[in-house]
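The block underneath contains the structure these notes are about, expressed in structure tokens.
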Amino acid sequence: MSSNIRQNKGNNIYADLSDYTVIDVETTGFIPDYCDIIEYGALRVREGQVVAEFQQLCNPGYEIDSFITAKTGITSEMLKGMPSPETVIDQFLTFLGNDVLVGHNTNFDINFLYDVSDGRLPNDFIDTMRYARHYLRNLERHRLIDLVNHFGFDSSNMHRSIPDCYLTKQVYESLLPFLREFGPYKKTYRSEKTDFSLLEAEGETDPGHPLFGKVCVFTGTLEKMIRREAAQLVVNCGGTCENSVTKRTNFLILGNNDYCKSIKDGKSNKHKKAESLSLAGQDIEIIPESVFYDLVEDN
DNA sequence: TCTCCTCGAGATCT
DNA sequence: CTCGAGGAGA
């Protein structure tokens with residue numbers, strides 16, 4: 001089974017559910033083409049309560065690597081006499097039924113299950129990692145362990161399928177309030193991402209602040225935050241943000257543009273335009289990101 | 001101005 | 001894989 005064509009896979013969805021099934025599989029490695037499931041795990045949830053569990057160790061037919069044993073605690077010895085992954089998949093699919101499947105980095109589990117079931121896995125699924133990356137942007141990392149710690153759950157018993165399913169359920173429930181408040185993530189184009197005109201100041205603005213009444217424009221990738229967050233800081237100081245350098249522009253904030261292949265001399269088109277406007281006498285300053293943060297914090 | 005495209009960076013699962 | 005960024009083209 002080719003791993004990059006999984007036509008009948010379900011969709012990765014945003015949904016506020018109380019009936020679903022949590023899944024987690026342990027495997028011999030990352031790549032479905034070369035690795036196998038060694039443990040199935042699932043929890044059927046109805047009205048928010050676990051009403052059934054499915055747990056089964058499987059023997060892939062070869063010794064498993066020591067680093068898998070170190071990670072999961074599953075040894076080759078434990079798998080002796082266990083059924084093969086292929087002989088368990090039908091029971092597992094029956095357990096899943098038509099439920100939406102909840103997991104952490106669910107694509108990983110789905111791809112293994114899809115392949116071993118020969119494509120009989122059309123269930124839509126929910127990925128708590130994706131939710132967390134969207135709603136908990138301030139977290140440095142979004143591994144299951146990071147979310148478990150963030151929400152204050154007990155992480156002492158991780159890396160087997162059933163305990164991880166329970167933790168994933170708790171994490172999903174903890175992320176639902178964010179979904180309710182902010183709505184599902186929508187793929188947005190720049191027009192929405194960078195429409196800063198609707199931003200309102202959080203708190204009082206200081207007319208004496210250097211950014212008060214000033215028009216700011218960003219170029220390049222900011223190191224410390226996305227543009228919308230930086231734009232909010234500007235608005236909090238009484239300034240506004242726009243998307244292109246014009247005769248109104250007072251500050252151009254330079255992010256990192258190293259990656260951009262089309263920029264050959266280290267300066268973006270916005271940068272060049274700002275320089276020419278500056279030479280023409282316009283009140284425009286070109287400042288690096290670090291200076292920008294000093295400015296907005298100066299209040 | 002708005003939409004579509006491409007590119008590079010970074011992250012998660014065992 | 002997803003996401004944010006600039007740029008082309010309408």
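Atom set for the values below is all heavy atoms of this structure, side chains included, hydrogens, waters and symmetry mates excluded. A, B, ... follow the sequence lines: proteins, then strands. Residue 1 opens every chain.
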Exercise for the section: Please identify each residue that fulfils side chain to side chain contact (heavy atoms under 4.5 Å, CB included) with A:F182, with sequence neighbours left out. Expected result: A:Y135, A:F178
Completion exercise
For residues 63-84 of chain A, the salt bridge (charged side-chain N to carboxylate O under 4.0 Å, His left out) pairs (sequence neighbours left out) are A:E77-A:K80
Practice task
Using a heavy-atom cut-off of under 4.0 Å over every strand shown, decide if A:T28 touches base, sugar-phosphate, or nothing.
Solution key: nothing
Exercise for the section: Using the salt bridge (charged side-chain N to carboxylate O under 4.0 Å, His left out) rule, collect all pairs that involve residues 42-54 of chain A, keeping only residues at least two apart or in two chains. Expected result: A:R46-A:D99
Practice task
Hey, could you give me each pair passing salt bridge (charged side-chain N to carboxylate O under 4.0 Å, His left out) that has a residue in residues 149-168 of chain A? Not counting sequence neighbours.
Solution key: A:E39-A:R160
Exercise for the section: For residues 59-78 of chain A, pull every pair meeting ring-ring contact (aromatic ring centres under 6.0 Å, His included), keeping only residues two or more places apart or in separate chains. Expected result: none
Practice task
Please work out which residues in residues 57-87 of chain A have a non-hydrogen atom less than 4.0 Å from an atom of DNA chain B and list them by number.
Solution key: A:F67, A:I68, A:K71, A:T72
Exercise for the section: Only counting residues at least two apart or in another chain, list the ones meeting salt bridge (Lys or Arg N to Asp or Glu O under 4.0 Å) with A:R141. Expected result: none
Completion exercise
Closest of B:dT14, B:dT12, C:dG6 to the A:N105 side chain is B:dT12
Completion exercise
A correct dot-bracket answer for DNA chain B, with pairs being Watson-Crick or G-U at under 3.5 Å, [ ] for crossing pairs and | for inter-strand pairs, is ||||||||||....
Problem - Pairing residues for A:R130 by the salt bridge (Lys or Arg N to Asp or Glu O under 4.0 Å) criterion, not counting sequence neighbours - result: none
Problem - Touch class at under 4.0 angstrom, heavy-atom based, for A:H159 against every strand present - result: nothing
Completion exercise
Residues of residues 130-155 of chain A with a heavy atom under 4.0 Å from any atom of DNA chain C, listed by number, are A:R130, A:R137
Problem - Selected nucleotide, minimal atom distance to A:F108 side chain, candidates B:dT12, B:dT14, C:dG6 - result: B:dT14
Exercise for the section: Return the set of residues passing ring pair (Phe, Tyr, Trp, His ring centres under 6.0 Å) with A:F218 (not counting sequence neighbours), or none when no residue passes. Expected result: A:F292
Problem - Point-to-point distance, once rounded to the nearest 0.5 Å, from OG1 of A:T128 to NZ of A:K169 - result: 13.0 Å
Practice task
Scan for salt bridge (charged side-chain N to carboxylate O under 4.0 Å, His left out) pairs involving residues 276-290 of chain A, sequence neighbours excluded, and state none if there are none.
Solution key: A:K214-A:D283
